[in-house]
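Below: the structure, in structure tokens.
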Amino acid sequence: MTFQTLEYLIFLPLTFILYWTLCRGNKTLQNGLIVIASLIFYGWWDWRFLGLLLLTAFSTFFAGDLMGKTEDPKKRKLILIGAILLNLGILFFFKYFNFFVQAFIDAFSLFGADVEVSTLNILLPVGISFYTFSALSYSIDVYQKKVEPTKDILAYLAYVMFFPSILSGPISRAQKTLPQYFESRSFNYDVAVAACKAILIGAVMKLCLADRLAIYVNTVYSNIDQHNGTTLLFTSILYTLQIYADFAGYSLMAIGSGKLFGIELPTNFIRQYFAKTVTDFWRRWHISLTTWFRDYIYFPLGGNRCSKSRWMLNTMIVFTVSGLWHGAAYTFLIWGAFHGACMVIERQVYGNKIKEISDNFSIANILRLALTFLIVNFAWIFFRVNNLNEVMTIFKKIFTEPGELFVDIDTFLLGFVALAIVFVYDFIKEKQLNIHLLSSKYIVVRYATAILLIFYILAFGVLNGGSFIYFQF
């Protein structure tokens with residue numbers, strides 16, 4: 001079950017009605033319904049993996065409980081290490097076992113040795129990277145005494161398994177999100193309306209833009225040898241737009257779904273293609289993951305409060321690990337390391353002034369924005385095409401084989417209309433312009449805008465499109 005399916009269109013309002021009627025004003029009933037609904041939602045994909053989800057939830061809960069019962073630093077550290085090893089071990093097996101086996105074989109092949117090691121046919125549990133990180137944030141925060149261990153296991157299960165965010169985030173953090181489950185939630189009409197607006201905008205981004213562009217992108221990337229450099233360059237740009245609309249659209253729908261139940265999920269995107277540096281891009285892109293790595297890996301390594309060479313190493317470690325988190329392939333490692341290298345270079349060029357680049361309209365800022373987009377765009381090729389030989393073929397063709405652009409009229413017409421809608425929406429938000437249609441003070445404008453967007457989705461959205469891109473992670 002995913003956000004763009006008919007099943008979810010039935011599941012969400014039904015759960016919403018039960019939540020605010022039978023469970024209203026009762027924290028235990030509200031959390032209980034969230035847990036039941038989340039188990040149904042996740043089990044709809046494959047009920048066999050509910051055991052892994054419950055193992056992660058219960059192991060981190062009891063690890064926190066045990067740490068709360070002792071002040072012995074060694075015992076607390078052993079408990080934390082145990083929780084981390086168990087959950088990262090599960091993640092490693094399902095997501096990375098075959099990758100490291102292949103890397104082992106590749107390493108020996110460099111020296112002319114043939115190693116016979118079998119890989120396994122492992123099905124990756126959807127959302128495992130996201131709910132594992134949410135659960136581990138609780139164990140780490142308890143160890144660091146940033147949060148008190150909870151005795152309310154129902155509230156904790158609701159936090160870890162909350163269905164709007166379990167599949168692709170945003171990654172919740174115990175410090176900010178968990179306390180919301182300790183209080184009963186009261187229905188707020190204005191919040192519910194804001195939630196529906198977020199879901200509607202997210203649906204436009206996913207169904208009308210991302211899935212429309214995906215038709216062209218998938219067609220070209222599935223036949224790389226048949227297309228010239230001009231088409232491949234254009235396709236890379238379309239994928240850059242597609243992945244934003246897909247993942248930001250998902251996040252808006254997740255945040256909106258959370259708001260319907262009185263739960264505030266963290267912001268995950270802030271219009272990253274308005275960024276004027278790669279550093280700024282990562283302040284805007286997948287924020288819940290970036291801050292997770294910052295707080296639990298980058299800062300413990302020493303952050304930037306160390307020598308310049310150590311800071312460079314810390315940055316490269318974090319972004320290489322980030323690349324590996326996204327997928328078990330060499331291309332993801334290169335993608336992450338490339339972004340880390342760009343951030344190191346930017347810091348050398350700008351110094352501390354990198355935080356002070358103005359938002360003023362200027363030629364310099366236009367050039368910075370264009371350069372950042374170009375860098376990010378080329379990096380996305382490694383992200384989208386998981387075969388290094390094919391990546392090299394794409395780059396070679398882009399620089400040496402210009403030609404006539406492959407044209408798909410439907411993609412160009414319908415895709416660019418959707419792009420215009422999303423761009424105008426983001427531009428208004430970015431520049432904080434006083435233009436409001438869905439939030440207009442005139443009720444006619446509000447309802448007319450909402451109805452037009454719904455009809456636009458039904459008429460021109462790709463309603464039979466694929467799942468969200470980040471489900472694979």
Side-chain angles (χ1 to χ4, degrees), residues 1-4 8 11-12 15-16 19-20 27 30-31 33-35 37-39 41-42 53 56-57 60 126-138 141 147 150 155-188 190-203 205-206 244 246-272 283-296 429 468-471 473:
M1 188 189 307
T2 55
F3 292 163
Q4 78 274 34
Y8 190 72
F11 172 84
L12 182 64
T15 307
F16 175 82
Y19 187 84
W20 293 116
K27 175 199 70 173
Q30 288 176 332
N31 289 337
L33 181 63
I34 286 175
V35 171
S38 299
L39 290 171
F41 179 82
Y42 192 80
L53 173 60
T56 293
T60 50
V126 66
I128 187 171
S129 299
F130 292 92
Y131 69 69
T132 298
F133 272 32
S134 290
L136 285 178
S137 81
Y138 170 75
D141 286 350
V147 300
T150 178
Y156 182 72
L157 291 175
Y159 156 75
V160 172
M161 300 192 299
F162 191 40
F163 68 86
S165 60
I166 193 173
L167 297 183
S168 290
I171 299 171
S172 296
R173 299 282 290 278
Q175 278 183 276
K176 295 182 179 180
T177 308
L178 182 56
Q180 297 181 68
Y181 297 91
F182 296 149
E183 306 289 339
S184 63
R185 277 75 70 187
S186 300
F187 180 76
N188 184 304
D190 291 334
V191 171
V193 170
C196 291
K197 292 174 186 176
I199 293 172
L200 183 58
I201 294 297
M205 294 178 74
K206 166 62 175 173
Y244 165 59
D246 190 281
F247 196 19
Y250 172 90
S251 294
L252 277 175
M253 295 171 80
I255 290 169
S257 296
K259 283 180 180 291
L260 288 176
F261 299 92
I263 301 297
E264 287 287 339
L265 295 172
T267 299
N268 220 18
F269 292 91
I270 307 177
R271 303 168 296 281
Q272 78 283 350
R283 295 192 191 107
R284 297 164 174 261
W285 173 268
H286 205 174
I287 299 167
S288 63
L289 178 68
T290 305
T291 54
W292 200 100
F293 279 122
R294 180 198 66 192
D295 294 345
Y296 298 128
K429 289 283 187 180
F468 291 89
I469 292 173
Y470 262 67
F471 279 11
F473 308 133

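V160 is not listed as a side-chain neighbour of Y138, based on a closest heavy-atom distance of 4.5 Å or more. Using a 4.5 Å heavy-atom threshold, the side chains of I171 and P266 count as separate. You'll find the side chain of F247 reaches within 4.5 Å of the side chain of N268, heavy atoms only. When side chains are defined from C-beta on, F130 does not count as touching L167, because their heavy atoms never get closer than 4.5 Å. Between L12 and L260, the closest side-chain pair of non-hydrogen atoms falls below 4.5 Å. A 4.5 Å side-chain heavy-atom check between F133 and F293 finds at least one atom pair inside the cut-off. M161 places a side-chain heavy atom less than 4.5 Å from the side chain of V35.
The minimum heavy-atom distance linking T2 with Q4 is given by the pair OG1-OE1, 2.9 Å.
Separating the OG1 atom in T291 from the OH atom in Y296 is a distance of 8.5 Å, to the nearest 0.5 Å. Note that OG1 of T267 and CD1 of I255 are 5.5 Å apart. Values are rounded to the nearest 0.5 Å. Atom CG of L265 is separated from atom CZ of R173 by 14.0 Å, given to the nearest 0.5 angstrom. If you take OG on S288 and NZ on K176, they are separated by 11.0 Å, rounding to the nearest 0.5 Å. Put simply, NZ on K206 and CD1 on I199 are 16.0 Å apart, with the number rounded to the nearest 0.5 Å.
Side-chain atoms of W20 do not come within 3.5 Å of backbone N or O of F187 as any donor-acceptor pair. Formation of a donor-acceptor pair under 3.5 Å by the Q180 side chain with backbone atoms of E264 is found in this model. With hydrogens and angles ignored, the 3.5 Å screen pairs a side-chain donor or acceptor of Q30 with a backbone N or O of R185. Checked by atom type and distance alone, the side chain of S137 pairs as donor or acceptor with a backbone atom of S134 at under 3.5 Å. When atom types are taken as modelled, the side chain of T60 and the backbone of A57 share a donor-acceptor pair closer than 3.5 angstrom. No donor-acceptor distance shorter than 3.5 angstrom exists from the side chain of S38 to the backbone of A158, with no hydrogens or angles considered.
Between Y156 and Y159, the ring-plane angle classifies as tilted under the 30° and 60° cut-offs. A perpendicular orientation is assigned to the rings of Y244 and F269, their planes being inclined by more than 60° (bins at 30° and 60°).
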| message | Assess the residue pair D141 and L178 against the criterion (side chain to side chain contact (heavy atoms under 4.5 Å, CB included)); give the C-alpha distance rounded to whole Å, side-chain angles, the decisive distance to 0.1 Å, and a yes or no. | response | CA-CA 11 Å; D141 286 350; L178 182 56; over 6 Å; no

| query | side chain to side chain donor-acceptor pair (under 3.5 Å) between Y8 and S257: does it pass, once the steps are laid out? | reply | CA-CA 11 Å; Y8 190 72; S257 296; 2.8 Å; yes

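Other residues, nucleotides and ligands contribute more than 12 heavy atoms inside 6.0 Å of the CD atom of Q175.
Among the candidates F261, Y42, Y131, the single residue satisfying the ring pair (Phe, Tyr, Trp, His ring centres under 6.0 Å) test with F163 is F261.
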